[in-house]
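Written below as C-alpha cells is the structure these notes are about.
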Amino acid sequence: MQKIRCVVERITYQNPENGYSVLKCRVKNFSDLVPVIGSLIDVNVGSVLVAEGEWKVDARYGRQFVAQNWEETLPATVYGMEKYLGSGLIKGVGPKYAQKIVQKFGADTFSVIEDNVELLAGIEGIGRKRVRMIAESWQKQKEVKNVMLFLQEHQVSTSYAAKIYKQYGSGSIAVMRENPYQLADDIWGIGFKTADQIAMRLGFGKESYVRLRSGLMYTLSELSNDGHVYAKKQQLIDEASRLLEASPETVIMTMDDMLKNQELIPEKTLVRADEEGDPQEAIYLPPFYYAEVGVAGKLKRLASSPAGDRLYERLMEARKSTGNETLSVDVRVIQEKTGVEYDEIQADAIRKAASAKIMVLTGGPGTGKTTTTHGIIAAYRAYGLKILLAAPTGRAAKRMSEATGMEAKTIHRLLECKPPEGYQKNEENPLEGDVLIVDECSMIDIILMNSLLKAVPPSMRLILVGDIDQLPSVGPGNVLRDMIDSGAFPVVRLTRIFRQAQESRIVMNAHRINQGKMPDIRGGRNADFFFLENEDAEAVVSQIVELVRTKLPNYYRVEPSQIQVLTPMQRGVAGAANLNLALQEALNPSEQEVFLRGRGKTVLPKECLRRSGYAYRKDDRVMQIKNNYDKEVFNGDIGIIESVSETDRTLSVNYDGRSIAYDVTELDELVHAYATTIHKAQGSEYSVVVMPILMNHYVMLQRNLIYTGITRAKKVLVMVGTRRALSYAVNNVTVTRRNTLLRERLEG
C-alpha cells in the first residue's frame, strides 16, 4: 500500500448508489492531474486528502491511483489553502475572495482566520458582516470535521456529519458515544443500520437494551413505510429477531418493557384471528394508534352531528313535515344554473351531498368527478354556504382551483402549519365554513387525516373525492378505502365514461387495465396512447432521453419541462435515479456556452452543489421528498432550481412562484425530478408522460400502479418496454393488504 497527499481539483464522476468516484487531483511532483478512484463520495472540490492505496494502469484511462482508505486534512501549501477556501466549504468565501485572502496572508492564512479573523476586514470587499460569516462557518467546519473524523474512524459515511452537528452541536460526539441509536430517533435520513454500525464499533452488545429497543422501533417504522399502521405481534417478533440477530425471547422481553412504558401500544379486540383460528394482537407506534383511534372517533362524531347551515336545516324541516326521508334538492334547478345535464348517478351524488354530513365521491378518469363536484358546489352556493376546498398536494390544489374557479389550498396550508408549534387550525381553533370538499383523497394517510379532522367543527360537512382504484397513500393507512368498505357513510361511485372521454385512448385504456384487460396499443396519427417495443433496459434509457429531448417536443410543440418521465421503481437501469442522471445531462448539461468580452464564446462549467454523488445545477427540476414544515414545502412538491451559489453553499428552488432556500446540508431532502416514481406522481397531472415498463421492474408491476401512472397523463402517454411486462402488470392484482383497523373501528 502506498500513500499520496493530493488536492481535489475536479469530480469527474460519482455513483450515488455505491459511492464509486473518479477525482482529478493535483499531486506533488506530478505535472498533470492524477485520476484517483475509489469510494470517495463525501469528498468536495478543494479537499486535501491523504489516500492509501496502489497505482494501476488502465488500458483506456492510463495511470490511476486506486484509493482503499482516505482521510481529509487541512492543506499545508499556499495553493492548497486557496483551493480549500475557494471550494465553498467556508461560507462567505468564493474563489475571488480566497485569492485575495491568500495573496495577503500567504502561509499564515489559516492562523489569521483561526486567531485574528478581524484582520480580513482590511481586504477590499470584505466587510464586518462577511467577516462574521467566515468566522462562524470556519468554527462550524472545524466542529463538523471532528464529527467526520469520528464517523470515519468507525467506518460510517461522513455525509451525515453536518446533520449530526446541526442536531447536537458541540455535544455530537458525546451523544454518539453514549447512545448512537438516538441518531436514528432524532435525525431524518439516519436509520437504525447506520446507528447500529457506530454502536457495534463502540462495543455495544448485540442484545443490549438500547439496541433491541431501537431495532423494534425501526422494524415498526419500516412496516409503516410499506403502508402498515401496526404490526401483528408475531410478525414484529420474527422480523425484529431477524434484523437484530437476537433471540426471540430477548426481543419479547424488550417489547414487553416498551409496552409497559407505553412506547408501544397493543390492540387485541379488533384484530381478526389467523387462519388457524388463533387470536392475534396488533402492536402500534403511539402516533399511529392515536391517529387511527382519532380518525374513527372524529368521523363518527361528525356524522352524528347536525350540520349548521341553512340548506341542511330546511331539508330536515321539510323531511319532518312531509314524512319523506329521501327529500332533497331539485337537480333540474342546479342544471339550469350550471348549464350541465347530469346523468342519474351524478344527480344522485348532488342529492346525497345536499343532506349528508359526510359523503365519498369516487370514480375513474372520464366519469365526471369534476363535473359532479361542480354540481355539488352549485347546490351549496344556491343556499349561501361557505365552501372550503383542499387537496393533499400543491399540484392537486392548483388543479382543483383551475377546475372550480375557487381558491383551493393544500391541507397543510388550510390547517395553517407553523413550525415548531404545528397546525394552527385544530379543536381549539377550528376551520370556519359550512362545508369542506377534499380532492385526491386516496393520497391522504392516517396521520394527515387525523390532523385534518381535528380542525373540522361538528357542524361542518365533509365531502371526500378520489379515485379508489389508484395507489393508496404513500404514508401509513388506507383511509379512503377503509371508509368506503366500512359502509358507515354515503358513497357514490361514478361508472359511466362520458362520450368526450371515450375519444381518449388514455382514458379508455385506464378503464381496460382496471378491468384486467390489455390496453389498446395500436397507436396511430391522432392517438394519445403509444407503445414502443424495446426489451433492452440500456436502450430504453437512451430512447426515453431522445423522446424527451427532441422527438416529443418537436412533434407536439411542447417544452421538455412539460414532459414527465414516470417509472415503477427508484433503482435499476430504468429506475428514477439512473433516468435522472441521463436526462439531467441531456437537458441541463454541466457546461454552458457563454460570451466573454475579449474571449468570445467560451465553454464554462455551470455553478453546482454536490451532495451524495448528485450535482444540483440552475434550471434542474427537483422534488422535495420530506415534509419540511419550516420551509412549507412537502413530500412530492416539484420546483425548478433558480439560483446556485457555490460561495455560500446554498441554492434556491422556485415552487410555483415561491422561492425556497436550501443549505448544502439539506440537499438530501431534494431529488432530481426529470423522472419520478409513479408513487411520487400521485395527485399530479402532466401534459405528456413517458413511462418505461420492463420485466426488470417486476417486483413493482401491479395493476393499480400502472393504472395510476397512465391516469397522470393529460394529453399524451408513451410507454416504452415490453408487452410481457405490461401483461404481467395488468394481471397482477396481488396488492399487499395493509395492516389497518380503521374499517373495524368505524363498523364498531
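Values reported hereafter were calculated over all heavy atoms of this structure, with side chains retained and with hydrogens, waters and symmetry mates removed.
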When you measure from the side chain of [X] to the backbone of [Y], do you find a donor-acceptor pair of N or O atoms at a distance under 3.5 Å?
X      : Y      : result
Ser224 : Ser221 : yes
Asn732 : Tyr728 : no
Gln64  : Asp58  : no
Arg512 : Met518 : yes
Thr362 : Gly466 : yes
His228 : Glu222 : no
Gln502 : Ile497 : yes
Gln584 : Leu581 : no
Gln564 : Ala673 : yes

Taking the side chain as C-beta and beyond, is there a heavy-atom pair between [X] and [Y] under 4.5 Å?
X      : Y      : result
Trp188 : Asp668 : yes
Lys680 : Ile625 : yes
Ser486 : Leu742 : no
Val720 : Phe530 : no
Asn580 : Val671 : no
Thr495 : Thr367 : no
Tyr662 : Val622 : no
Arg481 : Arg738 : no

Point to revise | side chain to side chain contact (heavy atoms under 4.5 Å, CB included) assessment of Thr373 paired with Leu361 | key: CA-CA 9 Å; Thr373 304; Leu361 177 67; 3.8 Å; yes
[X] and [Y]: which non-hydrogen atoms are nearest, and at how many Å?
X      : Y      : value
Phe192 : Leu244 : CZ-CD2, 3.5 Å
Ile447 : Ala291 : CD1-CB, 3.9 Å
Leu726 : Phe531 : CD2-CE1, 3.8 Å
Ile544 : Pro692 : CD1-CB, 3.8 Å
Leu579 : Ala574 : CD1-O, 3.4 Å
Asn739 : Ala231 : ND2-CA, 4.1 Å

Decide whether [X] and [Y] meet the rule of one side-chain donor and one side-chain acceptor closer than 3.5 Å.
X      : Y      : result
Ser542 : Glu546 : no
Gln346 : Thr372 : yes
Thr711 : Asp467 : no
Asp238 : Gln235 : no
Asp469 : Asn514 : yes
Glu292 : Tyr230 : no

What distance do [X] atom [atom1] and [Y] atom [atom2] have between them, rounded to the nearest 0.5 Å?
X      : Y      : atom1 : atom2 : result
Ile468 : Ser442 : CD1   : OG    : 7.0 Å
Leu480 : Cys441 : CG    : SG    : 6.0 Å
Ile437 : Met400 : CD1   : CE    : 6.0 Å
Asp656 : Ile640 : CG    : CD1   : 10.0 Å
Thr708 : Gln470 : OG1   : CD    : 4.5 Å
Asp520 : Arg522 : CG    : CZ    : 4.0 Å

Practice item. Fit a plane to each ring of Tyr13 and Tyr20, take the angle between them on a 0 to 90° scale, and name the class: parallel (under 30°), tilted (30 to 60°) or perpendicular (over 60°). Key: tilted
Review point. Would you call the rings of Phe634 and His412 parallel, tilted or perpendicular, where under 30° means parallel and over 60° means perpendicular?
Key: parallel
Exercise for review: May I have the step-by-step check of side chain to side chain contact (heavy atoms under 4.5 Å, CB included) for His679 and Leu705, ending in yes or no?
Suggested key: CA-CA 8 Å; His679 277 90; Leu705 184 95; 3.5 Å; yes
Enclosure of [X] [atom1] (heavy-atom neighbours >12, cutoff 6.0 Å):
X      : atom1 : answer
Tyr556 : OH    : yes
Glu402 : CD    : yes
Glu535 : CD    : no
Lys714 : NZ    : yes
Lys193 : NZ    : no
Gln515 : CD    : yes
Arg496 : CZ    : yes

Review point. Would Asn628 and Glu669 count as a side chain to side chain contact (heavy atoms under 4.5 Å, CB included) if you check the C-alpha gap in whole Å, the side-chain angles of each, and the deciding distance to 0.1 Å?
Key: CA-CA 9 Å; Asn628 188 320; Glu669 294 185 16; 3.0 Å; yes
Exercise for review: Decide, yes or no, whether a salt bridge links Glu533 with Arg723 under the criterion of side-chain N to carboxylate O below 4.0 Å.
Suggested key: yes
Check your understanding: Under 4.0 Å between a Lys/Arg side-chain N and an Asp/Glu carboxylate O for Glu585 and Arg617?
Key -> yes
Check your understanding: Which of these, Asp620, Val548, Asp619, sits in a side-chain contact (heavy atoms from CB on, under 4.5 Å) with Leu587?
Key -> Val548
Review point. Looking at Lys606, Lys618, Arg621, which hits side chain to side chain donor-acceptor pair (under 3.5 Å) with Asn588?
Key: Lys606
Exercise for review: Give the C-alpha distance, both sets of side-chain angles, the deciding distance and a yes or no for side chain to side chain contact (heavy atoms under 4.5 Å, CB included) between Val653 and Gln624.
Suggested key: CA-CA 10 Å; Val653 181; Gln624 176 78 15; over 6 Å; no
